[in-house]
Amino acid sequence: MTPREPILTLPGALTAYILLLAVIHLRVLLPLEWENWTIDVFGFIPKRYDATLLAIDFPGGAGAKVWTFVTYSLLHANLSHIGFNVLWLLPFGSALARRFGALRFFLFMAVTAAAGALAHLITNEHSMAPMIGASASVSGTMAAAIRFAFVKGSFLSFSRGDADAAARVPALSLWHALRNPRVLAFLAIWFGVNIIFGVGSIAIGTDGASVAWQAHIGGFLAGLILFSLFDPVPRGAVDAADASSQDASHSG
């Protein structure tokens with residue numbers, strides 16, 4: 001008798017990441033001045049890198065210029081903020097964690113967070129508002145997942161197997177991915193939604209929170225382009241693009 005699988009199973013790496021976000025979010029229980037200090041030290045502040053302000057000491061000192069490229073992504077403003085990011089992580093992060101394994105997954109999340117911070121820095125050079133939120137990394141997981149998600153047998157194809165098998169099908173090369181109609185449709189929708197609504201990471205300033213949509217795009221592009229550097233699954237003798245194109249004819 002085949003044992004029943006749970007309705008929702010998450011890879012250990014993704015579960016650990018979500019738990020880390022939840023534990024860190026307990027900082028909101030701290031006194032207000034400690035809460036503000038945490039955001040100043042671990043949030044990403046573009047003004048911190050302004051060469052014209054060498055005489056100004058920012059919280060965290062020189063070290064914060066390095067670690068905040070990643071640590072900002074572990075902080076969230078409120079429950080809806082963290083909940084939104086976790087909601088998108090469940091399908092895409094789960095597929096990627098299964099495929100990459102824990103070490104590659106955590107490194108990927110850090111790299112895409114840094115790419116999002118860099119994009120935000122380039123486009124908000126003099127901003128004093130700290131940016132927080134995991135959406136650059138979440139966007140990176142979405143971009144990386146579409147490199148294999150539409151391939152026959154994977155989780156967005158018409159024909160797929162169990163979760164582990166679906167996460168480990170041979171991926172599309174970047175060239176073939178950018179020629180795949182379903183990938184292109186996903187890209188168009190993703191960029192359209194982010195440009196119009198800009199949801200995810202936020203920058204906290206004196207005038208309230210604003211959306212750091214440039215960070216989403218930075219993380220997304222990094223995930224899309226750098227996917228192959230992290231992917232442990234061989235491309236295979238037959239290019240995955242060929243299998244992807246046959247999904248519809250083999251779905252019945």
Side-chain angles (χ1 to χ4, degrees), residues 73 80-81 83-100 108-109 111-124 131 133-160 166-167 169-203 210-231 233 235 239-251:
S73 67
S80 62
H81 187 204
F84 180 87
N85 282 326
V86 168
L87 180 64
W88 283 108
L89 263 181
L90 292 179
F92 295 98
S94 180
L96 212 61
R98 291 180 189 277
R99 188 180 184 93
F100 284 176
F108 178 86
M109 298 299 278
V111 168
T112 49
L118 180 60
H120 183 68
L121 175 61
I122 292 172
T123 53
N124 295 272
M131 178 180 69
S135 68
S137 295
V138 174
S139 297
T141 65
M142 297 171 72
I146 65 173
R147 290 284 298 271
F148 61 91
F150 295 107
V151 174
K152 181 182 178 182
S154 195
F155 69 100
L156 289 182
S157 72
F158 292 106
S159 174
R160 59 187 178 88
V169 299
L172 296 167
S173 66
L174 181 60
W175 170 247
H176 281 102
L178 295 178
R179 297 174 61 194
N180 184 289
R182 281 179 281 172
V183 172
L184 291 176
F186 185 95
L187 290 173
I189 294 171
W190 187 90
F191 276 97
V193 168
N194 273 269
I195 291 174
I196 295 173
F197 297 103
V199 289
S201 289
I202 62 173
S210 60
V211 175
W213 58 268
Q214 299 94 330
H216 309 173
I217 294 177
F220 189 92
L221 291 177
L224 184 67
I225 296 170
L226 300 179
F227 166 80
S228 296
L229 297 180
F230 295 87
D231 189 20
V233 180
R235 187 75 44 86
D239 195 287
D242 296 333
S244 176
S245 64
Q246 297 170 8
D247 279 357
S249 61
H250 288 74
S251 61

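Every heavy atom of this structure was used, including side-chain atoms; hydrogens, water molecules and symmetry mates were not. Throughout, numbering of the chain's residues begins at 1 and tracks the sequence.
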Spacing of Trp213 atom CH2 and Ser139 atom OG [to the nearest 0.5 Å]: 12.5 Å

Mutual orientation of the aromatic rings belonging to Phe186 and Phe220 [parallel < 30°, tilted 30-60°, perpendicular > 60°]: parallel

Where Gly116 and Ala136 come nearest, the two heavy atoms and their spacing: CA-CB, 3.9 Å

Polar side-chain atom of Arg99 near backbone of Val169 as donor-acceptor pair, under 3.5 Å: yes

Atom pair CG (Leu174) and CZ (Arg179), whose distance is rounded to the nearest 0.5 Å: 12.0 Å

Asn180 and His176, any side-chain heavy atoms less than 4.5 Å apart: no

Gap separating the CD1 atom of Ile146 from the CZ atom of Phe148, nearest 0.5 angstrom: 10.5 Å

Nearest atoms (heavy-atom pairs only) where Gly223 meets Phe108: CA-CZ, 3.7 Å

Closest contact, heavy atoms only, Ala145 versus Phe92: CB-CD2, 3.7 Å

Side chain to side chain contact (heavy atoms under 4.5 Å, CB included) involving Leu184 - partner list, sequence neighbours excluded: Leu187

Closest contact, heavy atoms only, His81 versus Gly133: CE1-CA, 3.7 Å

Separation of Ile225 CD1 from Thr112 OG1 (nearest 0.5 Å): 12.5 Å

Candidate pair Met109 and Thr141, rule side chain to side chain contact (heavy atoms under 4.5 Å, CB included), full reasoning: CA-CA 8 Å; Met109 298 299 278; Thr141 65; 3.5 Å; yes

Results of side-chain hydrogen bond (donor to acceptor under 3.5 Å, both in side chains) for Ser228 - residues two or more places apart only: Arg147

Side-chain heavy atoms of Ser135 within contact of Trp88, under 4.5 Å: no

Nearest heavy atoms of Arg98 and Ala167, plus distance in Å: CB-CB, 3.7 Å

With sequence neighbours excluded, residues passing side chain to side chain contact (heavy atoms under 4.5 Å, CB included) with Leu226: Val111, Ala222, Leu229, Phe230

Any donor-acceptor pair under 3.5 Å from Asp231 side chain to Phe227 backbone: no

